[in-house]
Q: 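Supplied in structure tokens, the structure appears directly below.
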Amino acid sequence: MGQFGRRGAGSRDGTQGSHLSKSRLSFVTTVVLLLSVADVMTAAAESVDCTAWCHNSTLAGLLAAEIPTCLVELNKSMVWEKHVIPDSATTLNSLGSYHQCKYEQGNEILSGYQMCVLDVLDSTRSYTVITQGMCLPKSCNGGAIQMIIRQMIMCPEPKLLKDYLADSCWGLNQTIVTGVLNGTWDVVSRLLAIQEYTGREPKNVEFHCGDNEVKSWDTGAIVLLSITGTLVMLCIVSEIVEQSDQRLARQSVVRSSPSPVNGGSNADMSDRIGSPRGSLAQPLLGNGHRAATPTWHDGPRTKPLWRKFLKAFCLSDTVVSLLERSTNRTLSGLDGLRSLSMMWIILAHTQLVALSLGTDNQDAESLMSKTLPQQFTLGSSLAIDIFFFLSGMLTTFTLLQRMRKNGKNKFPAPIFILLRYLRLTPLYAYILLMYGTVVVHLGEGPVWFRLEREAANCRTQWWTNLVYVNNFVPHEFHQTCMPWSWYLACDMQYFITGLFILTVYLRWRPVGLFLTVALVGVGVGSGYWLLSENTSAQDNYFDKPYTRVTPFAIGILLGILFVDRDLVRVRVPPLVSSLMMFVSLGVMGCVIYVDYVNFAPKTKPWSAKEDAAYQSFGRLGFALAVAVVSFTCVNNNHGIVNRFLSMGIWEPLGKLTYGAYLVHPIIIRAYYYQQVELVHYVPFNQFVIFVAMVVISYGVAAILWLIVELPFASLTKLAFARSR
């Protein structure tokens, strides 16, 4: 997940992409760049020494293959009249007419043209600042044109560039040049507009042609589809075998029951077989406990290993496990906290991905960052802090309770780490493989290349995800596979750290407490130092474990207090509890909304040190407030907040949080990246899309729970049970 911080709302250095004014880049730029590209091609082909051109010998190979056919097409007036001019972008930040460019009018026959996209990114490579669609013949290759555009942007002398464009290296038909330019467009000023934004630094300027769809299915995609088919088949076969066992069990009971002749009544038989009051009544959805199957087939033998393996995929069991409610759960209110945090993250991603593509309305950035209601979205990185807090508290609470029950003061940490790895990785690996191989085949569009680029990262960087170091390798965030998965790397690293601290705590409690408090200091101190030094926020702060560890450490402290100080049994007077809840919610709200003054009109933006203080100490205050909310929910079971957070709907949604976290960015990207027009940003429209994304994400997560997540968790449990 691209981290959405205060200033960045997903960008790395905390700066949002801003749009250039409409007067600075329009259809003029599109045509100018096309003409300039053709000029440079001709210059290279004729070996003309153009003084305004920044020479680059690496262009030779690309241009040699592309120039002849591309120039032939661009020298035809019909090409310009039929496709290039009418189907290319005509306004600032427009993608043109994708389908009209690609297909012949009125049918689905390919036209021989392609929609190419000029993409100028911000310094974080997270946000598009300028995007222009250009309808070009398929003979024009995007790689060569991209290098040519980059070279033009690097040219330092406007006068030389103007002389070059005017008369030095023209290669297009002069009729086309005169008809298109008509002597009215200032070519140089358009190129200088891009130079001004980029600072003549071409690395963030991209030009994409021909990579807006994927046609061939590779080996990885076929493997993933085969795995999916196998899992579905296992679920079906398991359900058939389970139902067969249940039927045989019922028949066995019937055969062993006394007949009416031997003293049994017809009423007794009815109660045993058909009545819902009978001992064999099987509710479709209940507490998750089936009526005991007395035999396997006709004998009391233990089920063989293959049968236990198959049962892990039984759909009726997994559905019941998903929907059942646990009784007497001490921390039941945390399900609501976890689920609402997940929805907060989906809300943020829904809006931020739309903005990252560029929008067709120039006030989109203001609507997002300079209005008070939208500040809730910008503060959504705090939802990840809630996840970290819950991870620390639940790890500590569960482990210390087990130690107290067993009367031990040590535990097999390597086994716990292995169990956690096997619990998280199967679903993670499945979705990673799906994203890297299959999702790219599910859509197309002028900006579909963005998804292809991210998927390509997964084909090279997948191993960093599976060993949970992808928040360090690669260093640049935009080169990672599934960028949002940095959270999983941090969480695994925190889990290992937490086990070490708890091992020390069980032996030397003061030392363990000291280490936990020291972690809080590390999180606050390292965050303040890095941000105050104006380092890249995403690459050096937002996804690093040492800067985000504060809420996890506070979770450990609360878990210790719950178990060793029996804080779960401490009863707080209702008035005091209500006051604690009110103050904590107020602190959480303040941390979220105080940042609005940094965006609001007529206010001076914060300095780097002020921003660092907000990020570091604000997260500390937010984590402490969440800890107090959790405490009051556990100790005041009749409070209105706890009743809301403990509602029955949250428990199954809480089980699906992991899957929803992994899949929702893919669904959001698949929706936005195949749009043929840029989004017109309107908050209400974004809310409607958000609701749809929540429903679809949790629906997909439920399917994955049934066929991947829970079955592999059951197999892990089976494997460790046999090894004991």
Side-chain angles (χ1 to χ4, degrees), residues 288 321-346 380 382-402 420 423-424 487-488 490-491 494-495 498 502 516 548 550-572 577-578 580-581 584-585 587-588 619 622-661 694 698 701 705 709 713:
S321 179
L322 174 62
L323 298 179
E324 70 177 341
R325 289 201 63 190
S326 304
T327 58
N328 299 323
R329 297 182 66 215
T330 304
L331 307 178
S332 60
L334 301 186
D335 289 323
L337 193 60
R338 180 186 294 110
S339 301
L340 291 174
S341 299
M342 184 67 253
M343 294 179 188
W344 190 4
I345 293 170
I346 296 176
S380 56
L382 294 168
I384 297 293
D385 285 5
I386 294 177
F387 282 173
F388 288 146
F389 165 80
L390 293 176
S391 178
M393 186 181 68
L394 291 175
T395 297
T396 305
F397 183 82
T398 303
L399 190 144
L400 291 184
Q401 271 204 327
R402 179 180 297 183
R420 186 170 183 86
R423 168 68 181 86
L424 297 179
Y487 158 74
L488 298 179
C490 280
D491 190 59
Y494 291 158
F495 182 76
L502 291 175
T516 307
R548 303 298 299 271
T550 300
F552 180 81
I554 291 175
I556 291 179
L557 289 174
L558 185 61
I560 290 174
L561 293 175
F562 273 157
V563 178
D564 278 6
R565 297 296 182 267
D566 228 7
L567 209 63
V568 293
R569 301 183 184 277
V570 174
R571 291 303 168 190
V572 180
S577 178
S578 298
M580 292 173 63
M581 179 67 74
S584 299
L585 294 177
V587 170
M588 294 170 66
R619 292 184 186 280
F622 188 85
L624 290 172
V626 173
V628 175
V629 169
S630 302
F631 168 76
T632 54
C633 285
V634 170
N635 288 275
N636 186 20
N637 292 328
H638 301 289
I640 185 172
V641 174
N642 185 62
R643 285 200 298 270
F644 173 72
L645 295 177
S646 301
M647 290 172 59
I649 187 63
W650 300 126
E651 188 168 348
L653 291 180
K655 296 174 184 176
L656 298 177
T657 296
Y658 180 50
Y661 181 85
V694 169
Y698 274 95
W705 165 277
E709 187 173 359

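Below, all heavy atoms of this structure are taken into account, side chains as well, without hydrogens, waters or symmetry copies.
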Q: So how far is it from Met343 CE to Leu653 CG, rounded to the nearest 0.5 Å?
A: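 The distance works out to 5.5 Å.
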Q: When rounded to the nearest 0.5 angstrom, what distance separates CZ in Phe552 from OH in Tyr494?
A: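 Answer rounded to 0.5 Å: 8.5 Å.
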Q: So Thr550 and Arg619, do their side chains get closer than 4.5 Å, heavy atoms only?
A: no
Q: Set out, in order, the CA-CA distance, both residues' side-chain angles and the distance that settles side-chain contact (heavy atoms from CB on, under 4.5 Å) for Val572 and Phe631, then state yes or no.
A: CA-CA 10 Å; Val572 180; Phe631 168 76; 3.7 Å; yes
Q: Taking the ring centre of each residue, are Tyr658 and Trp705 less than 6.0 Å apart?
A: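 Ring-ring flag for Tyr658/Trp705: false, centres at least 6.0 Å apart.
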Q: Could you give me the CA-CA distance, side-chain angles and deciding distance for Val587 and Val628, then say whether side-chain contact (heavy atoms from CB on, under 4.5 Å) is met?
A: CA-CA 11 Å; Val587 170; Val628 175; over 6 Å; no
Q: With rounding to the nearest 0.5 Å, note down the distance linking CE in Met342 to CG in Leu337.
A: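 Those atoms lie 13.0 Å apart.
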Q: Do you know the tightest heavy-atom contact between Cys490 and Phe388?
A: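 Closest heavy-atom pair between Cys490 and Phe388: CB-CZ, 3.8 Å.
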Q: Judged by atom type as modelled, is there a donor-acceptor pair below 3.5 Å linking the side chain of Ser646 to the main-chain atoms of Arg643?
A: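 Checking the backbone N and O of Arg643 against the side chain of Ser646, no donor-acceptor pair under 3.5 Å is found.
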Q: For Arg338, does its backbone N or O pair with a side-chain atom of Trp650 as donor and acceptor, under 3.5 Å?
A: no
Q: Compare every heavy atom of Thr396 with every heavy atom of Gly559, then report the nearest pair and how far apart it is.
A: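 Reported closest heavy-atom pair: C-CG2, 3.7 Å.
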Q: When the ring planes of Tyr487 and Phe387 are compared, do they come out parallel, tilted or perpendicular, using 30° and 60° as the limits?
A: tilted
Q: Does a salt bridge link Asp491 with Arg420, judged by any charged N lying under 4.0 Å from a carboxylate O?
A: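 Salt bridge between Asp491 and Arg420, a charged N being under 4.0 Å from a carboxylate O: yes.
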Q: Enter the distance from Ile649:CD1 to Phe644:CZ here, rounded to the nearest 0.5 Å.
A: 11.0 Å
Q: Given side-chain contact (heavy atoms from CB on, under 4.5 Å), test Ile384 with Ile345 step by step and report yes or no.
A: CA-CA 8 Å; Ile384 297 293; Ile345 293 170; 3.6 Å; yes
Q: When rounded to the nearest 0.5 angstrom, what distance separates CD1 in Ile554 from CG in Leu558?
A: 9.5 Å
Q: Work out which heavy atom in Leu334 is nearest to a heavy atom in Met393; give both atom names and the distance.
A: CD1-CE, 3.0 Å
Q: List the atom of Lys655, the atom of Leu322, and the distance in Å for their closest heavy-atom pair.
A: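 Looking at all heavy atoms of both residues, the shortest contact is NZ-O, 3.5 Å.
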Q: Holding to ring-ring contact (aromatic ring centres under 6.0 Å, His included), I want the full list of residues that pass it with Phe622, two or more places apart in sequence or in another chain.
A: none
Q: Enter the distance from Asp335:CG to Met647:CE here, rounded to the nearest 0.5 Å.
A: 12.5 Å
Q: Please report the closest heavy-atom contact between Gly654 and Ser339, naming both atoms and the distance.
A: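 For Gly654 versus Ser339, the nearest heavy atoms are N-OG, 3.4 Å.
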Q: Give the minimum heavy-atom separation between Trp344 and Leu382, together with the two atoms involved.
A: CH2-CB, 4.0 Å
Q: Measuring only between side-chain heavy atoms, which start at C-beta, is Val626 closer than 4.5 Å to Pro551?
A: no
Q: For Cys633 and Leu645, what are the C-alpha separation, side-chain angles and deciding distance, and is it a side-chain contact (heavy atoms from CB on, under 4.5 Å)?
A: CA-CA 8 Å; Cys633 285; Leu645 295 177; 3.9 Å; yes
